[in-house]
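Below is one structure, written out as structure tokens; comments come after it.
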Number of protein chains: 2
Amino acid sequence: MGIIRKTKTVEILLNEFNKNEVAISAKKLIDSLGNTINKTTIYRVLDKLEDDGVLHSFLGKDGLKWYAKCNGCSSSKHTDMHPHFQCLSCGKVDCISTNVVLPNIPNRQIEFSQLLIQGKCEVCCA
Amino acid sequence: MGIIRKTKTVEILLNEFNKNEVAISAKKLIDSLGNTINKTTIYRVLDKLEDDGVLHSFLGKDGLKWYAKCNGCSSSKHTDMHPHFQCLSCGKVDCISTNVVLPNIPNRQIEFSQLLIQGKCEVCCA
DNA sequence: TTTGTTACTGCAACTAAGTTGCGTTATATT
DNA sequence: AATATAACGCAACTTAGTTGCAGTAACAAA
């Protein structure tokens with residue numbers, strides 16, 4: 001079940017995702033908002049926003065959970081299937097809006113895929 | 001630094017990877033061998049075998065660490081860059097020996113990539 | 001505006017994967 | 001056999017994420 005009441009916590013968290021384009025890890029949200037909002041609440045609101053199709057989640061290079069705003073997803077169907085890029089220098093994660101060409105795998109039924117590309121971002125490249 | 005002495009633990013672990021074709025998670029090795037070998041030792045030997053280019057590691061769908069035998073890797077260079085397939089029904093993970101076509105990302109320097117495809121394996125499809 | 005239902009929150013305690021420090025054991029070299 | 005040290009076991013720790021429960025607040029209805 002998703003978000004039903006527009007609480008202060010929901011507003012604060014949505015605001016975090018609106019002011020930056022990049023993805024944000026649950027850990028970072030707890031680090032920056034943890035003395036305002038309880039970490040349990042942060043995890044729960046993120047989970048519900050994902051259920052609603054407002055955010056999508058994926059795992060970063062260390063297995064940490066990251067969230068980013070969805071494009072064209074609804075609560076019934078997450079259509080987002082794009083790759084993510086994580087910078088090995090500064091740790092920043094971006095959504096890459098390019099379609100992934102999946103390899104042909106015989107006799108298997110593909111349901112999801114996650115592609116994490118790692119390297120140096122445009123800032124850390126220079 | 002990699003493996004220097006051929007101990008009983010190294011032999012047992014390598015044997016696990018030789019009898020099956022599939023990847024094995026660190027957790028599963030601890031579950032099955034944990035009363036014979038200490039879990040710290042399992043983690044350390046896996047780590048060293050990866051340093052040596054004997055195994056490669058990647059993260060499964062829950063962020064758990066998985067290991068599988070390498071093909072054509074050395075201690076100096078891990079050339080393996082293939083996708084992995086994890087079955088959502090039985091949990092099995094396989095290496096897919098197909099090259100991945102990475103999307104073109106301007107102004108970024110790509111160093112690694114990991115593609116995890118999820119769905120139903122050939123056994124669970126039927 | 002007040003009341004009442006219940007979604008939401010905070011707290012504390014917990015779970016589980018993986019790590020660290022250190023004293024002991026065992027491999028391999030001389 | 002002696003010895004240097006890689007490898008091991010144990011216990012305690014770290015940390016991301018979860019659970020149960022009691023208290024709080026959002027919101028609809030009166």
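The base of C:dA7 is paired with the side chain of A:R5 by a donor and an acceptor separated by under 3.5 Å. One donor-acceptor pair, N or O on each side, does fall under 3.5 Å between the base of C:dT20 and the side chain of B:T40. Applying the 3.5 Å distance criterion, the base of C:dG18 shares a donor-acceptor pair with the side chain of B:K39. Taking 3.5 Å as the limit, the base of C:dG10 and the side chain of A:R44 contain a donor-acceptor pair of atoms between them.
Here the C1' atom of nucleotide C:dC8 and the CG atom of A:D51 are 15 Å apart, to the nearest Å. Taking atom OH of A:Y43 as the reference point, atom P of C:dC11 lies 16 Å away to the nearest angstrom. D:dA4 atom P lies 17 Å from atom CD1 of B:I4, rounded to whole Å. The interatomic distance linking A:K65 (NZ) with D:dT18 (P) rounds to 6 Å, in whole Å. For the pair B:K48 NZ and C:dT19 P, the interatomic distance rounds to 14 Å; values are reported in whole Å. C:dG18 atom C1' lies 15 Å from atom CG of B:D62, rounded to whole Å. The NZ-C1' distance, from A:K8 to C:dG10, rounds to 14 Å in whole Å. B:N38 has its CG atom 14 Å from the C1' atom of C:dA17, to the nearest Å.
Here B:L64 lies in heavy-atom contact (under 4.0 Å) with sugar-phosphate atoms only. B:I37 comes within 4.0 angstrom of the backbone, heavy atoms only, and of no base.
Toward the 5' end of DNA chain C, the nearer of the two residues A:T9 and B:K27, judged by each one's closest nucleotide, is A:T9.
In terms of phosphate contacts, A:T41 brings a side-chain nitrogen or oxygen within less than 4.0 Å of OP1 or OP2 of C:dG10. Within the 4.0 Å cut-off from OP1 or OP2 of D:dA7, not a single side-chain nitrogen or oxygen of B:T7 is found.
When side chains are defined from C-beta on, A:L46 counts as touching A:L55, because their heavy atoms get closer than 4.5 Å. Contact of the A:P103 side chain with the B:I117 side chain is registered, since non-hydrogen atoms from C-beta on lie closer than 4.5 Å.
With hydrogens and angles ignored, the 3.5 Å screen pairs no side-chain donor or acceptor of A:D47 with any backbone N or O of A:Y43.
Salt bridge absent: B:K48 and B:D52 never bring a charged side-chain N and a carboxylate O closer than 4.0 Å.
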Item to check | Criterion side chain to side chain contact (heavy atoms under 4.5 Å, CB included) on A:H56 and A:C70, from CA distance to verdict | outcome: CA-CA 6 Å; A:H56 64 275; A:C70 281; 3.4 Å; yes
